[in-house]
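To find a chain, count down the sequence lines: A is the first, B the second, and so on, and within it residues start at 1. Quick caveat: nothing in here was measured; it's all calculated off a predicted structure.
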Number of protein chains: 2
Amino acid sequence: MDVKTVCLGMLTDGPASGYDLKKEFESSFAHFFAAGYGSIYPALSSLAEDGLVDCELVPQDGKPDRKVYRITDTGRAFLLEALENTTPCHKVRSEFLATMCFAHLMRPEVVEAVLDNRLADIARYQELFRELETSCDQDWPAGAEFVLGFGKAMTAAMETYIRDNRHKLAAKPVATTAAG
Amino acid sequence: MDVKTVCLGMLTDGPASGYDLKKEFESSFAHFFAAGYGSIYPALSSLAEDGLVDCELVPQDGKPDRKVYRITDTGRAFLLEALENTTPCHKVRSEFLATMCFAHLMRPEVVEAVLDNRLADIARYQELFRELETSCDQDWPAGAEFVLGFGKAMTAAMETYIRDNRHKLAAKPVATTAAG
DNA sequence: GATGCATAGTATCAAAACGATATATAAACA
DNA sequence: TGTTTATATATCGTTTTGATACTATGCATC
């Protein structure tokens, strides 16, 4: 389940350009699957090369031409197979937690700042979730609702945990730091 | 906060080989920061080249020589600066959630299998957490405890959410799937 | 007695992804 | 007038991934 497959999946919703897909990665997918242009454009080229999508050039006045991609029957079949033949993983890559592992080497006020920063980031996600909910609340497939709810549950748990446990990070100052 | 910095941080705990660090990535760091040999060895080489760590060759009988790395004063200073001068991110990369977005394209029994698989994965993490707790319970820096607790809270929230909401994924079957 | 697997250890490589930047145009804004 | 925002595609060096290779011992299985 790489960027290619996710792009292909997004295209089951209707034809779209790379730019369109990027916006989707930044909204409904933002909390669990990031992808930049450096991944999306090569992915779409590769999908087109493999015949899994068709590409239509749509000229525009002033702006650059749009390359609108549409999933093919082959692509649809490929996607179904890809969806059913994997055991999808769920990975966290947290510089935040890595930093907190070394909190005892940091000045307490910096640790506090990092925690505040994380809470602010969580708040941004929560606002995004509210927007997603209000903008298009009905007609969503069950999966999309499940995924949104998942994101809400995770951020809520994260927020609660940080608020309830941040005091412990300040509590244990290390004597000398000289372990050499 | 890349693999290099995390390795450097791990070395504040005492000298270690790439193999040792890999084991740490697989245990206490497993739930939030993955790294393979392909990242660790180049990271250590680069750190040594920059004078942030020293490398000592320790011959062994039968087995290959160990390359034991030790953080230098320069390295320690570099680490402190790196820890204090960033706003560390926290990213999720979930093929699982991406798959669930397209649950309406999948056979219900496959969706169920994916969910069961995820729960099993969560159970493995929970067992790892129990092991980490029992093996070295006192003398941990506050940060390590915070991070372990964070992992426990997240996996617990994940498990609860999946158990409470999985029925919704089966509830809304799509009529034709032919949207093209 | 051979095969396979686990442990201990270092190392490399292609492919993928990341993150930033370049390019071009127009509208809105200060 | 100058800056930002939006629309759109594209590239490119660096990092990361995931798998594999290599050496060597020991232990269990066939």
Side-chain angles (χ1 to χ4, degrees), chain A residues 1-8 15-27 29-30 32-50 53 55-69 82 86-95 98, chain B residues 1-8 15-27 29-30 32-50 53 55-69 82 86-95 98:
Chain A
M1 187 63 139
D2 49 8
V3 175
K4 254 166 80 172
T5 314
V6 175
C7 287
L8 197 56
S17 67
Y19 189 79
D20 294 332
L21 295 187
K22 175 71 160 98
K23 280 191 289 185
E24 193 156 349
F25 276 111
E26 278 169 355
S27 59
F29 278 61
F32 67 93
F33 208 105
Y37 291 126
S39 309
I40 297 168
Y41 285 117
L44 288 171
S45 301
S46 168
L47 287 170
E49 209 177 321
D50 296 348
V53 299
C55 178
E56 189 194 354
L57 254 156
V58 180
Q60 297 186 122
D61 49 324
K63 297 158 198 166
D65 296 352
R66 300 187 83 214
K67 283 189 180 176
V68 176
Y69 293 89
T86 56
T87 47
C89 66
H90 177 93
K91 287 179 201 159
V92 176
R93 170 79 165 217
S94 180
E95 299 183 357
Chain B
M1 187 64 139
D2 48 8
V3 176
K4 253 165 81 172
T5 314
V6 176
C7 288
L8 197 57
S17 67
Y19 189 79
D20 294 333
L21 295 187
K22 175 71 161 98
K23 279 190 289 187
E24 193 157 349
F25 276 111
E26 278 168 355
S27 60
F29 277 61
F32 67 93
F33 208 105
Y37 291 126
S39 309
I40 296 169
Y41 285 117
L44 288 172
S45 301
S46 168
L47 288 170
E49 208 177 321
D50 296 348
V53 300
C55 178
E56 189 194 354
L57 253 156
V58 180
Q60 299 186 119
D61 51 323
K63 297 159 199 168
D65 297 351
R66 298 187 85 214
K67 282 189 181 176
V68 176
Y69 293 89
T86 56
T87 46
C89 65
H90 177 94
K91 286 179 202 161
V92 176
R93 170 79 164 215
S94 181
E95 299 183 357

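Between the P atom of C:dC18 and the CD atom of A:Glu26 lies a distance of 13 Å, rounded to the nearest Å. Atom NZ of B:Lys22 is separated from atom C1' of D:dT16 by 13 Å (rounded to the nearest Å). B:Arg66 has its CZ atom 21 Å from the P atom of D:dT23, to the nearest Å. Between the NZ atom of B:Lys4 and the C1' atom of D:dT14 there is a distance of 11 Å, rounded to whole Å. Here C:dA24 presents its P atom at 17 Å from NZ of A:Lys67, a figure rounded to the nearest Å. Atom-to-atom, CG of A:Leu21 to C1' of D:dA10 comes out at 15 Å; the value is rounded to the nearest Å. Per the geometry, OH belonging to B:Tyr41 stands 6 Å off C1' belonging to C:dG9, to the nearest Å. Regarding A:Tyr37, its OH atom lies at a distance of 18 Å from the P atom of C:dA17, rounded to whole Å.
Closest contact between the side chain of B:Asp2 and the listed nucleotides D:dT17, D:dT15, D:dA8 involves D:dT15. With D:dT16, C:dA17, D:dA8 as the candidates, the nucleotide lying closest to the side chain of A:Tyr19 is D:dA8.
Projected onto DNA chain C by closest heavy-atom contact, B:Asp20 and B:Pro42 fall at different nucleotides, the more 5' of which corresponds to B:Asp20. Toward the 5′ end of DNA chain C lies the nearest nucleotide of B:Val68, the other residue of the pair B:Cys89 and B:Val68 mapping further downstream.
Listed for the B:Ser46 side chain is no donor-acceptor partner under 3.5 Å among the backbone atoms of B:Pro42. Under a 3.5 Å cut-off, the side chain of B:Asp2 and the backbone N or O of B:Thr5 do form a donor-acceptor pair.
Heavy atoms of B:Gly18 sit under 4.0 angstrom from primed sugar atoms or phosphate atoms, though from no base atom. Using a 4.0 Å heavy-atom distance criterion, A:Lys91 is classed as a sugar-phosphate-only contact.
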Intermediate values then yes/no, side-chain contact (heavy atoms from CB on, under 4.5 Å), B:Lys67 and B:Leu44: CA-CA 10 Å; B:Lys67 282 189 181 176; B:Leu44 288 172; over 6 Å; no
Where do A:Phe25 and A:Ile40 land on the side-chain contact (heavy atoms from CB on, under 4.5 Å) test, with the steps shown first? CA-CA 10 Å; A:Phe25 276 111; A:Ile40 297 168; 3.6 Å; yes
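Cation-pi geometry between B:Arg93 and A:Phe32 is not met: the NZ or CZ atom fails to fall both under 6.0 Å from the ring centre and inside 45° of the normal.
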